[in-house]
Amino acid sequence: MTNHHGARPRLSVLGTGYLGATHAICMASIGFEVIGVDVDESKIAALASGTVPFYEPGLPQLLDSTLESGRLKFSSTIADAAGADIHFLCVGTPQHPQSHAADLRHVHQAIDSLAPHLDRKSLVVGKSTVPVGTALELTRRLRASAPAGADVELAWNPEFLREGFAVQDTLRPDRLVFGVASEWARAQLWSAFAPVIDEHEVPVTVTDLATAELVKVAANSFLATKISYINAMSEICDLVGADVLALSEALGRDARIGSRFLRPGLGFGGGCLPKDIRAFLHRCAELGGRHAVRFLEDVDAINGRCRSRAVDLVRDAAGGDLHGVRVAALGAAFKPDSDDIRDAPALAVTRELLAAGARVTVYDPHAMPNVRLRYPDVPLASSVLEAIVDADVVLLLTEWQEFVRLDPSDLEPLVGRRIVVDTRHALDAERWRSAGWSYRALGVPATTPSGAPWSGGDPAVFATQ
Ligand code: UGA
């Protein structure tokens with residue numbers, strides 16, 4: 001499908017953060033002419049010179065090749081987006097500083113700066129995660145200040161990409177959702193995604209604006225609920241000495257439940273799941289429907305408890321007092337293959353340990369620059385081995401492959417005590433135990449170093465062995 005120029009639509013992408021940069025690069029990689037626009041000049045300068053300003057596997061290579069093709073441009077001047085036929089809105093919607101609501105400041109700024117340049121029929125497509133009802137409000141706002149008035153249309157196309165899999169999720173998504181108010185908007189969106197849809201037979205749900213907005217928050221709420229569900233079971237397992245890993249495996253083998261996102265551990269973090277469930281609760285309350293999603297308060301609370309349970313487990317493993325205990329904290333990013341530390345469970349645990357008097361040293365393969373910037377007081381090591389020297393407890397917080405592959409026998413001569421706390425259930429417990437380590441994890445029975453399973457009583461007893 002083509003636009004009124006008889007060619008593929010030209011695209012602009014407003015906001016070149018995680019979502020926008022990935023979208024701009026990927027769309028250019030499949031043949032579109034794309035201009036990425038951001039108010040942050042340093043971000044634009046980096047991207048224009050071929051540097052992706054965050055860690056995402058595969059994206060730097062794709063940026064290089066698309067810049068070379070000449071189809072991808074970047075600018076910090078919104079007027080440069082005027083030549084595009086379809087404008088994708090990809091700015092961030094963080095948690096509001098004073099409440100649980102989504103902060104729509106960047107969305108409004110982007111719309112207000114774009115509108116004066118819309119002097120012909122064009123489509124603005126929202127991809128940011130927003131409270132339901134935002135698209136309708138933005139349509140009015142756009143039309144009020146765009147010279148083309150009612151000829152400007154708004155559509156919503158929520159984005160489901162995961163950090164670490166951003167390229168794959170963009171070019172080969174499980175599904176696409178088009179929230180539209182007219183057949184013209186549907187056809188325009190279809191033309192923008194035709195290469196993706198055709199290449200992999202991607203299913204498309206075409207719906208109204210409100211439903212499209214809801215799909216995104218409903219999906220993230222469901223994922224968060226699934227994770228908190230298994231972590232709630234982990235709490236119960238701890239009470240009775242049962243094994244949440246076996247429980248999760250058995251549950252996941254029921255095809256109706258499925259094993260994905262059923263991994264117990266330190267819970268969810270990042271720039272999306274935590275703030276999205278809170279913003280959803282907030283919006284539902286505004287709509288008079290908080291009761292329908294009140295369970296999300298529990299989902300959030302269970303998730304928070306994962307962090308405090310991890311701190312308790314370290315205290316327990318160390319013998320009951322954290323004061324002066326040397327902890328090698330492995331990981332800072334909210335998940336592996338990302339340098340994102342927003343609402344990172346790993347850092348929450350580290351900071352609680354530090355506050356309790358532990359002497360923590362953090363190492364993360366990619367997130368250290370962000371930690372240094374945001375938390376200059378957190379002590380950092382320049383390698384895993386440096387972090388673990390003289391450690392009383394080796395604490396795995398983010399399951400990077402580099403940590404999963406560690407050989408416990410190599411570490412033995414370096415550490416103070418052979419105690420490992422695996423908050424992500426990522427290590428091979430038997431391997432560590434048979435190397436003489438006390439291996440501890442949430443929701444699984446503590447065992448002696450010889451591998452005999454713990455059969456009740458106070459788990460702290462093992463800390464003294
Ligand atoms: C999440 C969603 O998965 C994406 O579909 C969505 O597009 C994105 O948010 C967004 O709204 O932009 P992401 O934040 O990249 O993606 O991270 P996830 O892979 O969902 O992981 C979230 C957290 O849950 C991580 O901290 C991870 O460690 C944790 N997690 C995940 C578990 O604790 N257990 C699991 O079984 C899975």
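We count ligands from 1, going down the list as the structure has it; atoms in each ligand are counted the same way. Quick caveat, the model's predicted, so the values are computed rather than measured.
Of the residues listed (E163, H366, R162), the one engaging S338 in a side chain to side chain donor-acceptor pair (under 3.5 Å) is E163, and it is the only one. Screening V394, D422, L397, T398 for a side-chain contact (heavy atoms from CB on, under 4.5 Å) with L330, the sole residue that qualifies is V394.
For atom 2 (C) of ligand 1, the nearest protein heavy atom (residue, atom name, distance) is N220 OD1, 3.7 Å. Looking only at heavy atoms of the protein, atom 31 (C) of ligand 1 is closest to I227 CD1, 3.6 Å. Atom 15 (O) of ligand 1 has E163 N, 2.7 Å as its closest protein atom, hydrogens excluded (heavy atom only). Among all protein heavy atoms, the one lying closest to atom 20 (O) of ligand 1 is F261 CZ, 3.2 Å.
Under the side chain to side chain contact (heavy atoms under 4.5 Å, CB included) criterion, A212 pairs with W156, P158, V177, T207, not counting sequence neighbours.
At a 4.0 Å heavy-atom cut-off, ligand 1 does not touch L266 at all. Heavy atoms of L262 found under 4.0 angstrom from ligand 1 belong exclusively to the backbone. Looking at L273 against ligand 1, only its side chain comes within 4.0 Å, counting heavy atoms. Neither the backbone nor the side chain of I230 comes within contact range of ligand 1; no heavy atom lies under 4.0 Å.
Using a non-hydrogen distance threshold of 4.0 Å, N231 does not register as a contact of ligand 1. For C272, the closest heavy-atom approach to ligand 1 falls below 4.0 Å.
In the vicinity of G269, heavy-atom distances shorter than 4.0 Å reach the ligand 1 atoms 23 (C), 26 (O). Atoms of ligand 1 found under 4.0 Å from any heavy atom of R424 (numbered from 1 in listed order, with element): 28 (O), 33 (O).
At least one N or O atom of R263, backbone or side chain, sits closer than 3.5 Å to an N or O atom of ligand 1. Backbone and side-chain nitrogen or oxygen atoms of E399 are examined, and none is located within less than 3.5 angstrom of a nitrogen or oxygen of ligand 1.
Sorted by first then second residue, the side-chain hydrogen bond (donor to acceptor under 3.5 Å, both in side chains) pairs that include residues 371-384, not counting sequence neighbours, are S382-E386.
Residue K335 holds the heavy atom nearest to atom 13 (P) of ligand 1 of all those in E159, K335, K216. Of the listed options F334, F268, F165, F160, F160 places a heavy atom closest to atom 5 (O) of ligand 1.
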